[in-house]
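One structure is given here, and the rest of the page talks about it.
Every value quoted in this text rests on a predicted model; they were computed, and no experiment measured them.
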Amino acid sequence: MPVSDPAAEAVGPLVRGLAVLRAVTAAGGRRSAGDLVRDTGLARSTVDRVLSTLERLEYVRIDGRDAVLAPPVMELGNAYLAASRLPALLGPAADRLADALDESVSIAVPDGDGARFVHQAPRRRAMSVAFGVGDLLPAECGAMGALLAVDWTEADWARWRERRAADPDLRGFPVAPPGAAGAAASFTERVAAARRTGWALDDQLIEPGLVALALPVRGPAGRACAVSVVSHTSRHTAGSLRDAMLPRLRETVAEMERIWAEDEARSGGAEREPTGTAERARESKLALGPEFLQSLARGLGVLAAFDGHRPEPTLAVLAQATGLPRATVRRCLLTLAHLGYVTVRDGRFRPAPRVLDLGFAPLNGLTLPRIARPHLARLVDRVRDSASMAVLDGDDIRYVARVPTVRIMSVEITVGTRFPAYATSMGRALLAGLPEPERAGRLARAELRPLTRRTVTSPERLAALLDRIAHDGYALVEEELEEGLRSIAVPVRDRDGRVVAAVNVSSHAGRRSAEEALAAVLPPLREAAVAIERDLHVAGRFVRVPVG
């Protein structure tokens, strides 16, 4: 596809929409419409239409004056990560190395004059690496950047020098720690050393106390990435890290290169079902009218259509996948290529690492409670009763999110509150979701004490209740935890179908019958759980989402 004159066919609303999305991302995931006008130079009416479209796509939610990035926007970054196949191919080897060495391991790819993280296997320590998938570091700050710069051309070096002159304090790299700009002084020498030795060291260049060793991973068709082991000076000096880790890191790199080559040799998997981009865009246009930018939605849909099953599709494949006309897809790709979000070679297209600048990085630290709160708030607005989320913690449930309702009589519970799992609706929903042997083991050791006159304390009866809950998909508990308290709960499942949390609505039992409560509460409660699961599945595709 020719790209010599992209301005002639560029999709203007897509260009402007991406500019707004980048600006929200650069601001850390939250930005007011007024600030976005100043950030982008766009008219207020244009910014408002872009935000209306992004809100309809669920990529942002409007919180007062602010546009806030929402988990579904991560499907754009997921499309790049899936199409690159690096997390799926090389991530398991990095995870095994991290477990074997008990150190953090990272994988990064070149992105302009920076190194973009695409996989992280961190260690849980008081002092650990704070970077996440999607974060971009300037190449001069760290061992991986020096390795990736070995392949730079003169034009690449010229662009690096221009960027250094224009942004000496690294303001364009939000995750770069204070003081990291000083690493530029030794960059050319470190690149030359990496070219000679085949590895690179970071002796507290990114941040005081952190040391790292990195090696390049060479893939098919000249593609490359870098893998690094990161430690703390309380555990290693740069020299001792190199001596201790270099042999094992070389073994892992050899394994990664073999896996990468084998995957390339057998590539060409089956195409996925169409994404429905065209139909969703038409429906949204009908719903919002002129406030919905259909061409922006279509362009984002084209970007989201990339995945591991079609990592380098043709124009025809993308048109079929999205349900859009070839001419429309062509103009979207032309625009995306001009802006650096897509590359083209021999008539095939591949998303570029820069796609991770579209909302992914600020959300890579999401927790399940953060994902749940907006949905719980909407649930409370609908049912006018308090809603909560809890996880199993030993034989108890622990509240991790809660949105109370405003009533004269309300249930006073805060985040962190614990209750016995056997006597609560969320506890029973969680217990019912366990594998049968684990569930039976928990019941066998549980001390089933009567908390009210209605508390079920018979192991046999409780086991039968859990079987019924597993079948029905919800738990109803009437005055077993506290007199007058009714609670209805449903499970929340992760991408693998495991129950990881439960959400509930609690109220006073005297206001209506159990049947009336189920009819009024259960449908919206299930809808909220489905919405939480949808966001969790998107956010957790390539990033671990803590549940508590």
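- A perpendicular orientation is assigned to the rings of W152 and W157, their planes being inclined by more than 60° (bins at 30° and 60°).
- Electrostatic pairing of D357 and R116 counts as a salt bridge here, judged by a charged N lying under 4.0 Å from a carboxylate O.
- Side-chain contact between L36 and L51: present, with at least one pair of heavy atoms (C-beta onward) separated by less than 4.5 Å.
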For this session: Please assess M256 against I107 for the test side chain to side chain contact (heavy atoms under 4.5 Å, CB included), listing each intermediate value before the final yes or no.
Result: CA-CA 11 Å; M256 289 178 168; I107 300 174; 4.0 Å; yes
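- Distance OG1/T53 to CG/L296: 5.5 Å, rounded to 0.5 Å.
- The CZ atom of R85 sits 11.5 Å away from the CH2 atom of W260 when rounded to the nearest 0.5 Å.
- Put simply, the side chain of T414 does not reach to within 4.5 Å of the side chain of R402, judged on heavy atoms.
- Remark: R498 engages D494 in a salt bridge, criterion side-chain N to carboxylate O under 4.0 Å.
- The closest side-chain heavy-atom distance from L300 to Y59 is below 4.5 Å.
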For this session: Tell me, with the steps shown, if D39 and R22 meet side chain to side chain contact (heavy atoms under 4.5 Å, CB included).
Result: CA-CA 10 Å; D39 295 339; R22 279 198 311 273; over 6 Å; no
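- For the pair D203 and R242, the salt-bridge criterion is not met [side-chain N within less than 4.0 Å of a carboxylate O].
- Of all non-hydrogen atoms in R354 and Y341, the two that sit nearest each other are O-CE2, 3.5 Å.
- In R30, the CZ atom is crowded: over 12 heavy atoms of neighbouring residues, nucleotides or ligands sit closer than 6.0 Å.
- Nearest heavy-atom pair across L42 and V37 is O-CG1, 3.2 Å.
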For this session: Apply the test side chain to side chain contact (heavy atoms under 4.5 Å, CB included) to residues L434 and V499: give CA-CA distance (whole Å), side-chain angles for both, the deciding distance (0.1 Å), then the verdict.
Result: CA-CA 7 Å; L434 294 174; V499 174; over 6 Å; no
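- A donor-acceptor pair shorter than 3.5 Å can be found between the side chains of D156 and T153.
- Nearest heavy atoms, S231 versus R235: OG-CB, 3.6 Å.
- A distance of 12.0 Å separates OG1 in T40 from CG in L21, rounded to the nearest 0.5 Å.
- Counting only heavy atoms from C-beta outward, the side chains of R163 and L170 approach each other to under 4.5 Å.
- At most 12 non-hydrogen atoms from other residues, nucleotides or ligands lie less than 6.0 angstrom from CD of E154.
- For the pair E103 and H236, the minimum side-chain heavy-atom distance is below 4.5 Å.
- Note that CG of L89 is 11.5 Å distant from NE2 of H119, once rounded to the nearest 0.5 Å.
- For the salt bridge (charged side-chain N to carboxylate O under 4.0 Å, His left out) criterion with E255, the lone passing option out of R96, R248, R250 is R96.
- Look at R350 and E312 and you find a salt bridge, because one of the NZ, NE, NH1 or NH2 atoms lies within 4.0 Å of a carboxylate O, short of that distance.
- Summarising the geometry of A528 relative to L379, their closest heavy-atom pair is CB-CD2, 4.1 Å, with the distance given to 0.1 Å.
- Taking 4.5 Å as the limit, some side-chain heavy atom of D535 sits within range of a side-chain heavy atom of P72.
- A 4.5 Å side-chain heavy-atom check between L358 and L18 finds at least one atom pair inside the cut-off.
- Looking at heavy atoms from C-beta onward, V547 lies out of side-chain contact with V400 at the 4.5 angstrom threshold.
- Ion pairing between a basic and an acidic side chain is recognised when a charged N comes within 4.0 Å of a carboxylate O; E75 and R534 show no such pairing.
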Exercise. What do the steps show when you test V73 against V538 for side chain to side chain contact (heavy atoms under 4.5 Å, CB included), and what is the final call?
Worked result: CA-CA 9 Å; V73 77; V538 173; over 6 Å; no
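- When the side chain to side chain contact (heavy atoms under 4.5 Å, CB included) test is applied to A200, the partners found at least two apart in sequence or on another chain are A143, A146, L147, A194.
- Of all heavy-atom pairs spanning I532 and I371, the tightest one is O-CG2, 4.0 Å.
- Between atom CG of residue D202 and atom CD of residue E207 there is a gap of 10.5 Å, rounded to the nearest 0.5 Å.
- In terms of heavy atoms, L392 sits closest to A421 at CD2-CB, 3.9 Å.
- Each of F542, F360, F131 was evaluated against F117; a single residue qualifies, F131, per the ring pair (Phe, Tyr, Trp, His ring centres under 6.0 Å) test.
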